[in-house]
Amino acid sequence: MKIIIDIGGCDYPDKMILGVCNAAKAHPDYQMVLVGDKEFIEQHLDKTVNNVIIEHAPDIITNEDSPTRAIRQKPNSSLVRAISVLNESDDAIGFISGGSTGAVLTASTLLIGRIKGVHRAVLASLMPCAVDGKLVCIADCGANVDCNPEFLPQFALMAHYYIKAVFGIENPTVGLLSNGAEDKKGDERTKAAFPLIKALPINFVGNMEARYAMSGDYDIIVCDGFAGNVLVKSVEGTAKTVMKLVKQAMTSSFKAKMGALLLKKSITALKDKMDYHAYGGAAFLGLNKPVIKTHGSSNEVSTAASVNNLIRMHEHNTVEEIRIGISAIEAAAEAPSEGEKQ
């Protein structure tokens with residue numbers, strides 16, 4: 001089985017290569033296909049790994065490029081070539097990229113294609129929680145900034161199957177991001193989406209406020225991509241600020257420095273927990289094959305984590321589970337009501 005990894009367009013391709021090599025050692029039954037400049041890859045490749053191959057692609061799609069135009073005009077880019085290898089290989093299980101988010105999402109939608117019935121594929125990212133070892137999935141975290149109400153129940157359903165696969169949670173809790181916990185709170189889109197999500201065969205617990213995003217009470221937070229992106233970046237920014245303030249407090253006096261020595265192990269553990277690299281990239285759900293958009297600043301840790309998540313998605317048949325789930329709710333929506341039957 002092959003996993004396709006695009007290293008073009010990211011900030012640290014050498015670290016992504018190292019992460020792929022580490023993942024290859026951990027998963028010898030899978031073959032990693034690194035797509036990018038062959039000479040550069042060979043310079044940074046761990047020669048002791050024998051289940052990594054190189055697919056040469058000299059061009060890169062940058063953040064400055066128009067995604068749709070670049071996909072047409074740069075057929076030899078690492079992104080386009082990676083998806084071509086994915087589509088051409090019957091044994092390729094999925095694709096990972098640290099390149100331009102817009103280009104990855106556009107290319108994946110156009111060249112891999114959405115599952116039948118999916119209105120919009122959803123970008124689902126992971127964030128740490130107050131509960132030890134637990135993460136929360138934000139769906140959508142930025143792919144769809146303008147959503148119709150009927151998109152949100154599909155986001156919820158797709159994230160439900162993703163979390164089941166990656167974390168083994170049989171019945172993940174789902175909350176709808178709103179400006180209050182009451183059922184009637186929210187803008188018109190949220191109010192319209194609420195009953196649609198409630199009708200799904202998932203563990204929907206109602207509206208939730210952003211202040212509880214990291215409480216550990218939720219496994220999945222459903223929202224449009226605009227609100228989700230603001231939420232994720234607000235949490236990341238707050239975490240960085242808090243850690244900076246903690247560091248300032250620990251070095252503010254001699255007594256504080258002595259206390260910091262006693263707390264060093266705990267503070268380091270907290271810092272590691274808040275490091276988004278440990279959880280891998282955001283899964284792009286609703287496509288015909290698993291896709292993970294990892295961070296542009298991905299290092300060896302986040303790359304290996306993305307590979308691990310992709311393998312879990314494959315081994316738990318996440319794409320097929322989503323296909324069956326979407327088909328079922330589409331059929332239910334089209335079925336005549338009791339009144340119509342009469």
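A quick note: this is a predicted structure, and the numbers were derived from the prediction, not measured.
- Both Val166 and Tyr161 sit in one connected hydrophobic cluster of ILVMFWY residues. Membership requires side-chain heavy atoms under 4.5 Å apart, directly or through other members.
- Looking at heavy atoms from C-beta onward, Lys244 lies out of side-chain contact with Lys240 at the 4.5 angstrom threshold.
- To the nearest 0.5 Å, the span separating CG on Leu79 from CD1 on Ile61 amounts to 4.5 Å.
- With rounding to the nearest 0.5 angstrom, the CD1 atom of Ile311 is 12.0 Å from the NE2 atom of His316.
- When side chains are defined from C-beta on, Met127 counts as touching Met214, because their heavy atoms get closer than 4.5 Å.
- The shortest non-hydrogen separation linking Cys137 to Ile163 is CB-CD1, 3.5 Å.
- Remark: Ile7 CD1 to Leu34 CG distance equals 6.0 Å, nearest 0.5 Å.
- Proximity of a side-chain donor or acceptor of Asp219 to a complementary backbone N or O of Val136 within less than 3.5 Å is not detected.
- The structure places CZ of Phe194 at 13.5 Å from NZ of Lys185, a figure rounded to the nearest 0.5 Å.
- A 4.5 Å side-chain heavy-atom check between Pro153 and Ile197 finds at least one atom pair inside the cut-off.
- Here the closest non-hydrogen pair linking Lys2 and Ser89 is NZ-OG, 4.1 Å.
- Enclosure of atom CD in Glu88 by more than 12 non-hydrogen atoms of other residues, nucleotides or ligands within 6.0 angstrom is indicated.
- Using a 4.5 Å heavy-atom threshold, the side chains of Lys255 and Met258 count as separate.
- Ser327 places no side-chain N or O within donor-acceptor distance of the main-chain N or O of Ile324, the cut-off being under 3.5 Å.
- The hydrophobic clustering, which links ILVMFWY residues whose side-chain heavy atoms are closer than 4.5 Å, places Leu126 and Leu105 apart.
- Taking CZ from Arg72 and OG from Ser66, the interatomic distance works out to 7.5 Å, rounded to the nearest 0.5 Å.
- With Ser298 contributing its side chain and His295 its backbone, the two residues share a donor-acceptor pair below 3.5 Å.
- The closest donor-acceptor contact from the side chain of Asp37 to the backbone of Pro58 lies at 3.5 Å or more, if one exists at all.
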> Run the side-chain contact (heavy atoms from CB on, under 4.5 Å) check on Glu55 and Ile4 step by step: do they pass?
Replying inline: CA-CA 9 Å; Glu55 181 72 29; Ile4 318 300; over 6 Å; no
>> Could you go through His44 and Leu18, starting from their C-alpha distance and side-chain angles, then the distance that decides it, and tell me whether this counts as side-chain contact (heavy atoms from CB on, under 4.5 Å)?
In response: CA-CA 7 Å; His44 296 88; Leu18 176 57; over 6 Å; no
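- Met16 places none of its side-chain heavy atoms less than 4.5 Å from the side chain of Tyr12.
- Residues Cys21 and Leu45 meet the side-chain proximity criterion, which asks for heavy atoms closer than 4.5 Å.
- Between the side chain of Thr173 and the backbone N or O of Asp217 there is at least one donor-acceptor pair closer than 3.5 Å.
- The backbone N or O of Asn299 lies less than 3.5 Å from a partner atom in the side chain of Ser302, making a donor-acceptor pair.
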> Between Leu123 and Asn229, is a side-chain contact (heavy atoms from CB on, under 4.5 Å) present by the stated rule, with each step listed?
Replying inline: CA-CA 10 Å; Leu123 197 59; Asn229 193 266; over 6 Å; no
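- Counting all heavy atoms, side chain and backbone alike, Ser78 lies closest to Ala57 at CA-CB, 3.6 Å.
- Taking each heavy atom of Met313 and Leu285 in turn, the nearest pair found is CE-CD2, 3.8 Å.
- Ile112 approaches Asn288 most closely through the heavy-atom pair O-ND2, 3.2 Å.
- In summary, Glu320 and Arg323 engage in a salt bridge, as defined by a charged side-chain N under 4.0 Å from a carboxylate O.
- Open room surrounds NZ on Lys38; 12 or fewer heavy atoms of other groups in view lie less than 6.0 Å from it.
- By the rule that hydrophobic residues join a cluster once side-chain heavy atoms approach within less than 4.5 Å of another member, Phe40 and Ile96 end up as members of one cluster.
- Under the 3.5 Å distance criterion, the side-chain polar atoms of Asp224 are left unmatched by any main-chain donor or acceptor of Asp140.
- The aromatic rings of Phe155 and Phe151 lie tilted to each other, with the angle between the two planes from 30° to 60°.
- Around CD of Glu39, the count of heavy atoms belonging to other residues, nucleotides or ligands within 6.0 Å does not exceed 12.
- Among all heavy-atom pairs drawn from Val291 and Leu310, the shortest one is N-CD1, 4.4 Å.
- Annotation: side chain of Gln154 is not in contact with side chain of Val122 (no heavy-atom distance under 4.5 Å).
- By the neighbour-count criterion of 12 heavy atoms within 6.0 Å, atom NZ of Lys164 is densely surrounded, having more than that number from other residues, nucleotides or ligands.
- A continuous path of Ile, Leu, Val, Met, Phe, Trp and Tyr side chains, each step under 4.5 Å between heavy atoms, connects Ile202 with Phe167, placing both in one hydrophobic cluster.
- No more than 12 heavy atoms of other residues, nucleotides or ligands shown are found within 6.0 angstrom of CG on Asp146.
- From Leu231, atom CG reaches atom CD of Glu236 across 10.0 Å, with rounding to the nearest 0.5 Å.
- When hydrophobic clusters are built by joining Ile, Leu, Val, Met, Phe, Trp and Tyr residues whose side-chain heavy atoms come closer than 4.5 Å, directly or via intermediates, Ile220 is not grouped with Leu196.
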> Given the rule in the side-chain contact (heavy atoms from CB on, under 4.5 Å) test, do Arg189 and Cys147 qualify, once you have shown the distances and angles that lead to the verdict?
Replying inline: CA-CA 8 Å; Arg189 173 175 48 218; Cys147 292; 4.1 Å; yes
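- Across Asn22, Asn51, Asn308, a single residue satisfies side chain to side chain donor-acceptor pair (under 3.5 Å) together with His27, and that is Asn308.
- Remark: side-chain polar atoms of Arg81 are not paired, donor with acceptor, to backbone N or O of Val35 under 3.5 angstrom.
- Using a 4.0 Å cut-off between charged nitrogen and carboxylate oxygen, Arg211 and Glu209 count as a salt-bridge pair.
- By the 4.0 Å N-to-carboxylate-O rule, Lys74 lies close enough to Asp65 to be salt-bridged with it.
- Side-chain N or O atoms of Ser306 include one that pairs as donor or acceptor with a backbone N or O of Gly281 at under 3.5 Å.
- Looking at heavy atoms from C-beta onward, Pro290 lies out of side-chain contact with Ile93 at the 4.5 angstrom threshold.
- Under a 3.5 Å cut-off, the side chain of Lys289 and the backbone N or O of Leu86 do form a donor-acceptor pair.
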